[in-house]
Amino acid sequence: MKIREIRDLLDAEVLCCEQNLDSTAYSACGCDLMSDVLAYVKDQAVLLTGLVNPQVVRTAEMMDMICIVFVRSKAPTKEMLDLAEDNGIVVMKCNKRMYEACGLLYSNGLVGNKVK
Amino acid sequence: MSEPLIFHFDINGDDFSTAGQASVQIKKNLRQLGLSPEIIRRVSIAMYEGEINMVIHAHGGTADVKVFENYIEIILADNGPGIKDIDLAMKEGYSTASDTTRSLGFGAGMGLPNMKRYTDDIKIDSILDVGTVVTMRINIS
């Protein structure tokens, strides 16, 4: 699924790296626990989270994730956006809750990763 | 055997917002060396978890990454409280982290298990009230 479609499905606002909206995501992870995100490698993944701190962006960078979606209208700081910009990670925010945001992406074809 | 390339980092334990900076840097350094993305990811995730652990449990420490021809060694050393029961600490879900740490998205008891998951070998030497040294090895196939 293109990042652009994710933006449209979630009615999200893109906050940085808009030039990468045509990148393709193959999996997603909805989580506020960063160590759980780090536990399983995902392919070109999207991270949906309600957690706001720089470690969210660093975790995504460690996992080579391509997009972060902040749910529940959470807004990242400028420091976080600068970090994401440095690494080419698209950041967006939406006002949907985690469950609904994940459900919308899943039901439209972006399935999660199988646990190995 | 040729000398390893060594990267040294001092991990600041006073400011959680900076935790992970060294791991982001090592990822950049390893990319410049032309290592495979999978090896880079394994090294940086293992170091990242260790770096976070040092900040939340031990007020910081040092990290040394040694790049040999056939493997990479990560040595994390701190002067923190030590690990009372290493076997227990290796169990997924076991954590002694504070509620504050949990509210920051860590302390779920996955740090050491993740470090083991992404490395080929892990050795933990810990003495209570003295400190901990974690040595990890990732083979370059």
Side-chain angles (χ1 to χ4, degrees), chain A residues 16-17 23-24 26-27 29-45 47-66 68-72 74-89 91 98 113-116, chain B residues 11-12 15-28 30-31 35-53 55-57 74 89-95 97 99-119:
Chain A
C16 86
C17 293
S23 299
T24 302
Y26 294 106
S27 63
C29 174
C31 200
D32 289 349
L33 290 172
M34 294 300 108
S35 281
D36 278 355
V37 176
L38 290 161
Y40 302 105
V41 170
K42 300 144 196 91
D43 191 17
Q44 300 236 122
L47 172 62
L48 295 99
T49 188
L51 183 71
V52 178
N53 65 35
Q55 280 67 36
V56 171
V57 183
R58 292 201 185 105
T59 299
E61 157 67 359
M62 289 299 121
M63 298 299 283
D64 298 319
M65 290 174 140
I66 60 171
I68 302 169
V69 180
F70 289 96
V71 297
R72 306 193 296 271
K74 298 287 179 82
T77 61
K78 181 177 183 307
E79 181 197 2
M80 292 166 66
L81 290 175
D82 289 345
L83 267 175
E85 186 88 47
D86 279 350
N87 294 294
I89 301 170
V91 176
M98 178 74 94
N113 247 59
K114 284 181 183 166
V115 174
K116 288 175 187 169
Chain B
I11 311 296
N12 177 4
D15 182 3
F16 183 79
S17 71
T18 63
Q21 275 183 346
S23 304
V24 170
Q25 184 56 48
I26 198 67
K27 190 160 191 175
K28 285 180 183 157
L30 295 181
R31 271 191 193 131
L35 291 158
S36 78
E38 196 213 332
I39 295 290
I40 294 172
R41 183 151 58 185
R42 288 173 60 199
V43 171
S44 49
I45 292 172
M47 177 157 155
Y48 183 61
E49 287 282 20
E51 194 182 344
I52 297 282
N53 270 353
V55 173
I56 62 182
H57 293 294
I74 308 167
M90 292 304 292
K91 285 194 174 153
E92 291 193 3
Y94 176 80
S95 175
D99 287 345
T100 308
T101 299
R102 289 170 205 265
S103 72
L104 293 167
F106 291 89
M110 294 297 286
L112 283 172
N114 276 351
M115 287 155 76
K116 187 178 179 187
R117 191 193 309 272
Y118 287 106
T119 55

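Below, read A as the first sequence line, B as the second, and so on, with proteins coming before strands; counting in each chain starts at 1. These figures come from a predicted structure and were not determined experimentally.
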### Task
Under 4.5 Å heavy-atom distance to chain B, tell me which part of A:Thr49 shows up: side chain, backbone, both or neither.
neither
#### Entry: Region of A:Leu33 in contact with chain B, defined by heavy-atom distances below 4.5 Å
both
Which portion of [X] sits near chain A, non-hydrogen atoms under 4.5 angstrom:
X       : result
B:Gln21 : both
B:Phe16 : both
B:Ile52 : side chain

To the nearest 0.5 Å, what is the distance between [atom1] ([X]) and [atom2] ([Y])?
X        : Y       : atom1 : atom2 : value
B:Lys28  : A:Asp86 : NZ    : CG    : 5.5 Å
B:Ser44  : A:Arg58 : OG    : CZ    : 13.5 Å
A:Met62  : B:Ile26 : CE    : CD1   : 10.0 Å
B:Arg102 : A:Asp32 : CZ    : CG    : 14.5 Å
B:Arg41  : A:Leu38 : CZ    : CG    : 11.0 Å

#### Entry: Of all pairs that satisfy salt bridge (charged side-chain N to carboxylate O under 4.0 Å, His left out), the ones with a partner from residues 16-25 of chain B, not counting sequence neighbours
none
Minimum heavy-atom separation for [X] to [Y], with atom names?
X       : Y        : result
A:Tyr40 : B:Tyr118 : N-OH, 3.6 Å
A:Ser35 : B:Phe106 : OG-CD2, 3.8 Å
A:Glu79 : B:Ser17  : OE2-O, 4.3 Å
B:Ala19 : A:Gln55  : O-NE2, 2.7 Å

### Message
Which residues pass the side chain to side chain contact (heavy atoms under 4.5 Å, CB included) test with A:Val52, not counting sequence neighbours?
### Response
A:Phe70, A:Lys74, A:Met80
